[in-house]
Asker: 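Would you mind keeping the following structure in view while I ask a few things?
Letters A, B, ... are given to chains in the order of the sequence lines, protein chains preceding strands, and every chain is numbered from 1. The model shown is predicted, which means the values in this text are computed figures rather than measured ones.
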Amino acid sequence: MNITLKDGRVANYSFGATPLEVARDIAPRLAKEAVAARVNGRLWGLGQPLAGDAALEFLTFEDEDARLVYRHSSAHVLAQAVKRLFPDARLAIGPAIADGFYYDFDVPQTFTPEDLERIESEMEKIIAADLPVECFELPRDEALELVRGEGEDYKVELISGLAPDAVISFYRQGEFTDLCAGPHVPSTGRIKAVKLLSVAGAYWRGDERNKMLQRIYGTSFPKAALLKEHLFRLEEAKRRDHRRLGAELDLFSFHDAGPGFPFFHPRGMVLRNELERFWREEHAKKGYLEIRTPIILRRELWERSGHWEHYRENMYFTTIDDEKYAVKPMNCPGGILVYRSRLKSYRELPIRLGELGLVHRHEMSGVLHGLIRARCFTQDDAHIFCRPEQVEEEIVRIMDLTEYFYRQVFGFEYHVELSTRPEKSMGTDEMWESATGALVRALAQKAVNYKVNEGDGAFYGPKVDFHLRDCLGRTWQCGTIQVDFQMPEKFELEYVGEDGQRHRPVVIHRVIYGSMERFIAILTEHFAGAFPVWLAPVQARVLPITDRHAPYAREVTETLLRAGVRAEFDGRNEKVGYKIREAQVLKVPYMLVTGDREAESGTVAVRHRSAGDQGSIALNDFTGRLVREIESRAR
RNA sequence: GCCGGCGUAGCUCAGUGGCAGAGCAGCUGAUUUGUAAUCAGCAGGCCGGGGGUUCGAAUCCCUUCGCCGGCUCCA
């Protein structure tokens, strides 16, 4: 058997040799550090025998696929430990995830934090025993017999779901055997540092109609130092949490009086207003007009739009003079009424009606998450009414705008998802295909990579979503583009074409920020509260050294305020170090220390929140520089 | 909504059946200060709410509300 290594060398081995043996021959260190292998491009276990000539590559923990193997093996160790301590536990599934792994168990009792500790110790024992991990395959009926014999009902269900001709493999380590496609690390001793992080409920197969299982989350690393580093990073990430920073920086708050309903404070409003100002400027340039529609509208409107049928459980209702009304969960019907208020000509299309619209949605209590998931939020919405042949170009224009906002202005990385027709939806297949096709063509035209979420679209149309990351790497949908042929039908929208006949326009629903609240949350976490100067609630703080410098410091503050800078005067009877510390904690971009030297020379001693002491500069020069920095909206 | 955890001063937290505490923040005074915390004093509490057990409950039990992590669902 000829084994071709990555560096081009060819070595000869007898049939059935394992990658681990090859690695040992190359270097003991490689044998130790390798986690998995790639054989002819396929992921391969180190202990998995080679069957013929092969191109062999070794993968260390640095490699993403190898990391998944490592964590997956860790999940097996977890399951083994749980089975030892809780023999009644039934195993569900236990995959590797981004930064670790989990395993779902069906157990009569609930796992306590103490149980987690016990399980973790048991895992250590399994690791110390360095049990070899062996793979074996069984025909379907024998596989079923095996898992039935063990009472593993969930595994029975999993095997039953496999294709009739599928190879059914199992992995065994010591007394423990699990149905698994593999591959795995060659022995349990390969797992060096493990940590169980939390327990959570999770429905079997992710369906809330099924039984809720107990999911244990954990992570593992080949070195204790790496685990420690990872745990430290998690702590660091928590310090960027917008809920914590929102309170610390006095941006917004939540109260029992309205769970899920955010209160914006003066500093938070500055941020929000700046974002809105920027949004209005850019949208005006792109041919959008702004409207505002009511928050409460008659229920009949929502019955007509389909919201009553498809979205009722997320809506709030009220009664006015014995008539039934609903609080809007979306802005579209309002925008449509504006369009319908006067007959339109094809010459006017596309008509782009933007609306910073406040919507209320009844979200389930367990999903609320600060500003990221609230029960009321303001969408930076727009409804574009266009002719069918204009749809694609409009979609591309929105994608360009999103790219400009996200990447250019804020410096965010994002990913795109396409969601198709859900089960609960309205309209004909033809309309859905046409709408989805327009989105797909626009994505192709922009050469954007995207993931497809089958059945995840809105009830009235398919959508393309733009996702941003929060401090813990969770991604949230922000921007979205939705193509809608339904609302125009439901509301009998029309325009007069070149031919003098009435035609039906298409509606494109879209948001760029998504919601002001969610976007502010992501923005806060992204910058860890140190907002770019143009967004900073306070852009400069003037810090007189003693009372005697207060008059000059006030003058400086006034000069800045007149230039349009958000400046604050800190005349408190404290030492400069104290005032600086407080301004630093509030992440004020510029601190201007003013003492005798500055007062005499008409300068300010500039301290930047991250660059530190910048020395003295003439006040006029500083003001000019700062104003230019603000106007450029630099990051 | 479901599973688990947690609710003590504005914030971060001690306090496990026997007198509600600390640091920071706040207020008052002293200090007049040069690049991340000056000192002292004062004030601050329905221990999330309700019910129960007990001679006695922040502490044990039940219930309810809220928050946190997941699941499901979604901007």
Asker: Using a strict cut-off of less than 4.0 Å between a Lys/Arg side-chain nitrogen and an Asp/Glu carboxylate oxygen, indicate whether A/Glu229 and A/Arg233 qualify as a salt bridge.
Answerer: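 Looking at A/Glu229 and A/Arg233, the cut-off is met.
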Asker: RNA chain B: A/Gly577 or A/Lys463, which has the more 5' nearest nucleotide?
Answerer: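 That would be A/Gly577.
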Asker: Could you please name the option among B/G66, B/G70, B/A36 that lies closest to any side-chain atom of A/Asp256?
Answerer: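 When the side chain of A/Asp256 is considered, B/G66 is the closest of B/G66, B/G70, B/A36.
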Asker: Find out whether A/Asp106 and A/Trp204 are in side-chain contact, i.e. whether some heavy atom of one side chain is under 4.5 Å from a heavy atom of the other.
Answerer: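 A side-chain contact is absent here, since even the closest heavy-atom pair is not under 4.5 Å.
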Asker: Atom CG of A/Leu368 and atom P of B/C2: how far apart are they, to the nearest Å?
Answerer: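 Spelled out: CG on A/Leu368 to P on B/C2 is 14 Å.
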Asker: B/G26 and B/U63: how far apart are their C1' atoms, nearest whole angstrom?
Answerer: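 My reading of the C1' atoms in B/G26 and B/U63 gives 36 Å.
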Asker: Out of B/C3, B/A36, B/G34, which has the shortest distance to the side chain of A/Met212?
Answerer: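 So the nucleotide nearest the side chain must be B/C3.
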Asker: Look at the side-chain N and O atoms of A/His369 and state whether any lies under 4.0 Å from the OP1 or OP2 oxygen of B/G69.
Answerer: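 Answer yes for this pair, as a side-chain N or O of A/His369 is under 4.0 Å from OP1 or OP2.
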Asker: Once you apply a heavy-atom cut-off of 4.0 Å, does A/Tyr203 come out as touching a base, just sugar-phosphate, or nothing?
Answerer: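 Base contact - A/Tyr203 has a heavy atom under 4.0 Å of at least one base atom.
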Asker: Counting any heavy atom closer than 4.0 Å, what does A/Gln379 reach on the DNA or RNA strands: base, sugar-phosphate only, or nothing?
Answerer: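 A/Gln379: backbone/sugar contact only, no base atoms under 4.0 Å.
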Asker: Using a heavy-atom cut-off of under 4.0 Å over every strand shown, decide if A/Gly206 touches base, sugar-phosphate, or nothing.
Answerer: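 If one applies the 4.0 Å heavy-atom cut-off, A/Gly206 turns out to touch the sugar-phosphate alone, with no base involved.
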Asker: Counting heavy atoms from C-beta on, name the nucleotide in B/G34, B/U32, B/U38 closest to the side chain of A/Arg548.
Answerer: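 Nearest listed nucleotide: B/U32.
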Asker: Between B/C71 atom C1' and A/Tyr102 atom OH, what is the distance in whole Å?
Answerer: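 A/Tyr102 atom OH is separated from B/C71 atom C1' by 10 Å.
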Asker: Expressed in whole Å, how much space separates the C1' atoms belonging to B/C3 and B/G44?
Answerer: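 So the two C1' atoms sit 38 Å from each other.
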Asker: Take atom CZ of A/Arg572 and atom P of B/A37, then tell me their distance rounded to the nearest Å.
Answerer: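 The answer, rounded to whole Å, is 14 Å.
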Asker: Considering only NZ, NE, NH1 and NH2 on the basic side and carboxylate oxygens on the acidic side, decide whether A/Asp207 and A/Arg205 come within less than 4.0 Å.
Answerer: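 Result for this pair is no, no salt bridge flagged.
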Asker: Under 4.0 Å, counting only non-hydrogen atoms across every strand here, what does A/Ala374 touch: a base, just sugar-phosphate, or nothing?
Answerer: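 Base contact.
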Asker: Write down the distance between CG (A/Asp470) and P (B/A75), rounded to a whole number of angstrom.
Answerer: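 It works out to 17 Å between those atoms.
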Asker: Tell me what A/Asp596 touches on the nucleic acid: a base, only sugar-phosphate, or nothing, going by heavy atoms under 4.0 Å.
Answerer: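 The residue A/Asp596 makes base contact.
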Asker: Rounded to whole Å, how long is the line connecting atom CD of A/Gln477 with atom P of B/C74?
Answerer: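 Whole-Å distance recorded here is 10 Å.
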Asker: Does A/Ser365 put a side-chain nitrogen or oxygen below 4.0 Å from OP1 or OP2 of B/G1?
Answerer: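 Checking A/Ser365 against B/G1: at least one side-chain N or O falls below 4.0 Å of OP1 or OP2.
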Asker: Quick one: label A/Val576 by what it contacts on the DNA or RNA (base, sugar-phosphate, nothing), any heavy atom closer than 4.0 Å.
Answerer: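 Sugar-phosphate contact only - A/Val576 comes under 4.0 Å of backbone atoms but never of a base.
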Asker: Please report the distance separating the P of B/C65 from the corresponding atom of B/C27, rounded so that it comes out in whole Å.
Answerer: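 It comes out at 38 Å once rounded to the nearest Å.
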Asker: Between B/C71, B/G34, B/C3, which nucleotide gets closest to the side-chain atoms of A/Thr110?
Answerer: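 Within the option list, the nearest is B/C3.
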Asker: Return the stacking result for B/A75 and A/Trp476: yes when the ring centres lie under 5.5 Å apart and the planes under 30°, no otherwise.
Answerer: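 Taking the rule of under 5.5 Å and under 30°, the ring of A/Trp476 does not stack on B/A75.
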Asker: Looking only at atom P, what distance separates B/A40 and B/G1, rounded to whole Å?
Answerer: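 Rounded to whole Å, the distance is 50 Å.
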Asker: Distance check, C1' atoms only: B/U28 and B/G69, in whole angstrom units.
Answerer: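 B/U28 and B/G69 have their C1' atoms separated by 44 Å.
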Asker: How is A/Leu197 classified with respect to the nucleic acid when contacts are heavy atoms under 4.0 Å: base, sugar-phosphate, or nothing?
Answerer: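 The answer is nothing, as A/Leu197 stays clear of every strand by at least 4.0 Å.
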Asker: Within residues 239-254 of chain A, find the residues that approach RNA chain B with a heavy atom at under 4.0 Å, and present them sorted by residue number.
Answerer: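 Close to the strand are A/Arg243.
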Asker: Provide, to the nearest angstrom, the distance between the CG atom belonging to A/Asn331 and the P atom belonging to B/A75.
Answerer: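 Result: 13 Å.
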Asker: Which is true for A/Ala202 with a 4.0 Å heavy-atom rule: it touches a base, it touches only sugar-phosphate, or it touches nothing?
Answerer: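 Answer is sugar-phosphate: A/Ala202 comes under 4.0 Å of backbone atoms only.
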Asker: Tell me whether A/Arg375 contacts the main-chain N or O of A/Phe261 through its side chain, where contact means a donor paired with an acceptor under 3.5 Å.
Answerer: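 Not confirmed, A/Arg375 side chain does not pair with A/Phe261 backbone.
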Asker: To the nearest Å, give me how far apart CZ (A/Phe111) and C1' (B/C71) are.
Answerer: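 Going from A/Phe111 (CZ) to B/C71 (C1'), I get 16 Å.
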Asker: Consider the side chain of A/Val367, meaning its heavy atoms from C-beta on, and name the nucleotide among B/U72, B/U38, B/G34 that approaches it most closely.
Answerer: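 Of the candidates, B/U72 comes closest.
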Asker: Could you tell me whether A/Glu157 and A/Lys211 have a side-chain N and a carboxylate O separated by less than 4.0 Å?
Answerer: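 A salt bridge is absent here (no side-chain N lies under 4.0 Å from a carboxylate O).
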Asker: In Å, rounded to the nearest 0.5 Å, how long is the span from CG of A/Leu356 to CD of A/Glu290?
Answerer: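 One gets 5.5 Å once the value is rounded to the nearest 0.5 Å.
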Asker: Report yes or no: is the cationic atom of A/Arg71 (NZ for Lys, CZ for Arg) closer than 6.0 Å to the six-membered ring centre of A/Phe221, at no more than 45° off its axis?
Answerer: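 Here A/Arg71 passes the 6.0 Å and 45° test against A/Phe221.
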Asker: Sticking with atom P, work out how far B/U59 lies from B/C6, rounded to a whole angstrom.
Answerer: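 Those two atoms are separated by 14 Å.
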Asker: Over how many whole Å does the gap from A/Arg474 atom CZ to B/C71 atom C1' extend?
Answerer: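 That distance rounds to 14 Å.
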Asker: Taking NZ, NE, NH1 and NH2 as the nitrogens, is one of them in A/Arg118 or A/Asp115 under 4.0 Å from a carboxylate oxygen of the other?
Answerer: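 Salt bridge flag = yes for A/Asp115 with A/Arg118.
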Asker: Base, sugar-phosphate, or nothing for A/Glu582, non-hydrogen atoms under 4.0 angstrom?
Answerer: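 The answer is nothing, as A/Glu582 stays clear of every strand by at least 4.0 Å.
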Asker: Using the C1' atom in both, what is the distance from B/C55 to B/C39, to the nearest Å?
Answerer: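 Straight-line distance between the two C1' atoms is 47 Å.
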Asker: Answer yes or no: side-chain N or O of A/Glu313 and base N or O of B/G1 forming a donor-acceptor pair under 3.5 Å.
Answerer: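 Side chain to base: no pair below 3.5 Å.
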Asker: Would you say A/Lys579 places a side-chain N or O within less than 4.0 Å of OP1 or OP2 belonging to B/A37?
Answerer: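 Negative; the distance criterion is not met.
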Asker: When you get a sec, tell me which of B/G34, B/C71, B/G1 is the closest nucleotide to the side chain of A/Arg215?
Answerer: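 The answer is B/C71.
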Asker: Considering only the P atoms, how many Å lie between B/G17 and B/U12, rounded to the nearest integer?
Answerer: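 It works out to 26 Å between them.
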Asker: Among A/Val483, A/Leu418, A/Val448, exactly one meets side chain to side chain contact (heavy atoms under 4.5 Å, CB included) together with A/Val464. Which residue is that?
Answerer: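 Answer after filtering A/Val483, A/Leu418, A/Val448: A/Leu418.
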Asker: Does this structure show an ion pair linking A/Arg272 with A/Glu517, if we count only N-O contacts that are shorter than 4.0 Å?
Answerer: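 Yes.
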Asker: Tell me which nucleotide among B/C71, B/U35, B/G34 gets nearest to the side chain of A/Asp613.
Answerer: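 Looking only at side-chain atoms, A/Asp613 lies closest to B/U35.
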Asker: Can you find a side chain N or O atom of A/Tyr578 that sits less than 4.0 Å from OP1 or OP2 on B/A25?
Answerer: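 Yes, within the criterion.
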Asker: Judged by each residue's nearest nucleotide on RNA chain B, which is more toward the 5′ side, A/Ser198 or A/Gln482?
Answerer: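 Its nucleotide being nearer the 5' end, the pick is A/Ser198.
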Asker: For B/A14, what is the paired nucleotide under Watson-Crick or G-U wobble rules, both distances under 3.5 Å?
Answerer: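 Because no pair has both required distances under 3.5 Å, B/A14 counts as unpaired.
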Asker: Measure from the side-chain N and O atoms of A/Arg518 to the backbone N and O of A/Ile372, and report whether any donor-acceptor pair falls under 3.5 Å.
Answerer: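 The answer is yes, because a donor-acceptor pair under 3.5 Å joins these two groups.
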